[in-house]
Amino acid sequence: MDYTLVVALEMIRAIAWLVLLASGLAIIFGMMRIINFAHGEFLMLGGYTVVISTNAGVNEWVSILILAPVVVGVFGIIVERLVIQRLYGRILDSLLATWGLSMLMMGGVTMIFGNTVQGVSTPFGGMKIGAYQVPIYNFVLIGFAVLVLVAIWCVLKFTKAGLIARATMQNADMAEALGIRTRWVYMTTFGIGSAITGLAGGLLAPVTGVVPTMGMNLVGQSFITVITGGASVIAGTLSSATLLGTISQGVTFLTGPVYGDAALLVTALVLLRLLPQGITGRIFKRSL
Amino acid sequence: MSHLLEVSGLSAAYGLVPALHRVDFHADRGEVVGILGHNGMGKTTLMRAIMGYVKVTGGEIRFEDTSVLGQPVNARARAGIGLVPQGRQIFPNLSVEENLQVGIPGKAAVVAQTVEEMLELFPRLKRLLDRRGGALSGGEQQLLALARCLCRRPKLMLLDEPTEGIQPSIIDEISETLAALTQKVDITIVLVEQNLEFIAGLSKRVYAISNGVLEKEIPRAELTDSRSVSAFMGFTA
Ligand SMILES: Nc1ncnc2c1ncn2[C@@H]1O[C@H](COP(=O)(O)OP(=O)(O)O)[C@@H](O)[C@H]1O
Ligand SMILES: [Mg+2]
């Protein structure tokens with residue numbers, strides 16, 4: 001019984017992990033069609049923000065919930081103005097440019113902070129479920145994954161700004177003719193996608209620690225989740241994170257983490273063979 | 001009083017290929033001006049140049065006595081120019097209601113009120129409100145495109161081939177709605193079309209456009225006779 005509970009909890013944590021990794025990218029790639037190859041480094045930047053500021057004496061929660069999203073959000077807006085705004089509709093060019101950016105960021109952070117793992121303490125410690133020790137922070141991750149999805153959904157569905165963003169991403173030329181300043185919409189949307197990524201990086205930092213190359217491990221999982229999900233931000237991220245998280249974590253329990261990662265890849269490959277437009281390209285088409 | 005829209009000596013080109021050559025025309029407040037032309041003659045280019053999508057190579061576009069040439073599309077829209085583009089350009093994954101709401105400036109109450117008014121004008125859209133824009137028929141999309149444009153209460157509406165590929169019953173509906181609208185509110189319409197009957201039914205003045213050149217006005221008397229219009233436009237019936 002306890003074991004089942006722990007396994008179920010681990011699966012939900014794996015799903016939450018993918019949701020956090022992928023939500024910002026779902027906005028930037030799923031919605032805006034910009035391949036941000038530096039997505040892993042945006043996460044890394046969020047993580048470093050938390051580690052550096054916490055070690056400098058800032059309250060850890062302030063670092064995670066405020067500083068990380070603000071720093072990465074502002075960084076995203078600067079990147080959008082300097083690079084991305086020239087690349088809308090040029091998906092391959094966006095890949096090359098952001099690939100360059102990712103190396104630049106890795107190099108820059110290595111130069112400033114060195115190539116060693118740094119960390120902060122994981123808040124809250126552990127709790128016991130029967131004979132098993134479970135980190136309470138897992139519940140924090142799960143809670144924030146839910147919160148991030150609900151927040152994005154509410155903004156897209158119920159606010160004028162969300163409606164304007166959706167219209168602009170579907171047909172920017174037409175949105176212009178309705179008086180919408182689409183350049184501004186693109187910039188803001190990219191900034192929000194970056195801020196969410198920064199928050200995710202900040203939340204993950206206490207678990208993973210930070211190192212300049214950490215983005216390389218995360219960018220793959222993020223893209224697989226978003227591509228498997230398809231174009232719709234909420235339904236896509238949620239459905240593919242659920243599927244991939246459950247299967248990879250299930251396999252991890254049965255055979256170990258290496259096969260778990262492999263299972264994630266294989267599942268994604270099979271799914272994309274069957275549904276080339278991702279899950280929401282075929283079902284939940286109308287959803288956000 | 002001066003003209004609402006004044007286009008003078010307007011030229012535009014795609015790369016080195018000219019598409020508009022020294023176009024002159026104007027539209028006054030409250031009138032419907034029609035421009036008749038066959039495929040590829042430059043109608044859409046003219047609409048898109050006025051709206052701001054197409055870079056002009058010469059001439060001037062003045063709206064309410066102000067040059068709009070330096071302004072981006074969204075600024076021209078906010079100044080009061082609306083476009084119903086060729087092909088309708090409905091947002092496919094927004095609902096019909098959202099397609100209407102998205103361009104309406106102002107608070108939620110104003111938005112709801114404006115949508116209500118549009119539904120009075122286009123009753124056919126009422127039962128479609130929750131449908132995806134992309135799931136509508138061509139005719140329904142055309143009505144939606146008109147309503148979406150009117151939601152912003154434009155002073156000038158640019159209409160690019162609203163009858164293209166639309167079933168006759170809806171063409172009549174569009175024609176009647178526009179005729180009623182021009183009676184009710186103070187709106188100026190520039191309409192480009194290939195459909196002679198539609199343009200003749202609505203427009204006060206009609207010009208012919210041929211290879212990017214705006215020909216002189218077609219006298220109203222000749223508009224009712226399709227053979228003389230064909231002759232006027234350089235085709236023999
Ligand atoms: N995007 C474009 N690039 C190059 N040429 C174009 C483009 N759009 C239109 N043209 C050319 O400009 C001319 C006028 O086209 P258009 O304004 O679309 O005509 P109409 O709307 O009267 O059918 C045509 O010869 C067309 O081939
Ligand atoms: Mg055309």
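Naming convention: chains lettered A, B, ... in sequence-line order (proteins, then strands); numbering from 1 in each chain.
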message: Which residues in residues 145-174 of chain A have any heavy atom closer than 4.5 Å to a heavy atom of chain B?
response: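 Listed by number: A:K160, A:L163, A:I164, A:R166, A:A167, A:Q170, A:N171, A:D173, A:M174.
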
message: I need the contact set between residues 181-192 of chain A and chain B: heavy-atom distance under 4.5 Å, sorted by residue number.
response: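 Listed by number, the contacting residues are A:R181.
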
Side-chain heavy atoms of B:V102 within contact of A:I180, under 4.5 Å: yes

For atom [atom1] of [X], is the number of surrounding heavy atoms from other residues, nucleotides or ligands below 6.0 Å larger than 12?
X      : atom1 : value
A:Q277 : CD    : no
B:H26  : NE2   : yes
B:K126 : NZ    : yes

query: What distance separates B:C151 SG from A:L178 CG, expressed to the nearest 0.5 Å?
result: 9.0 Å

Checking heavy atoms, do the side chain of [X], its backbone, both or neither come under 4.5 Å from chain A?
X      : value
B:F91  : both
B:R148 : both
B:P154 : neither

Taking every non-hydrogen atom, the tightest pair across A:A177 and B:A77: O-CB, 3.3 Å

Max heavy-atom pair count under 4.5 Å with chain A, selected residue of B:Q89, B:Q101, B:M51: B:Q89

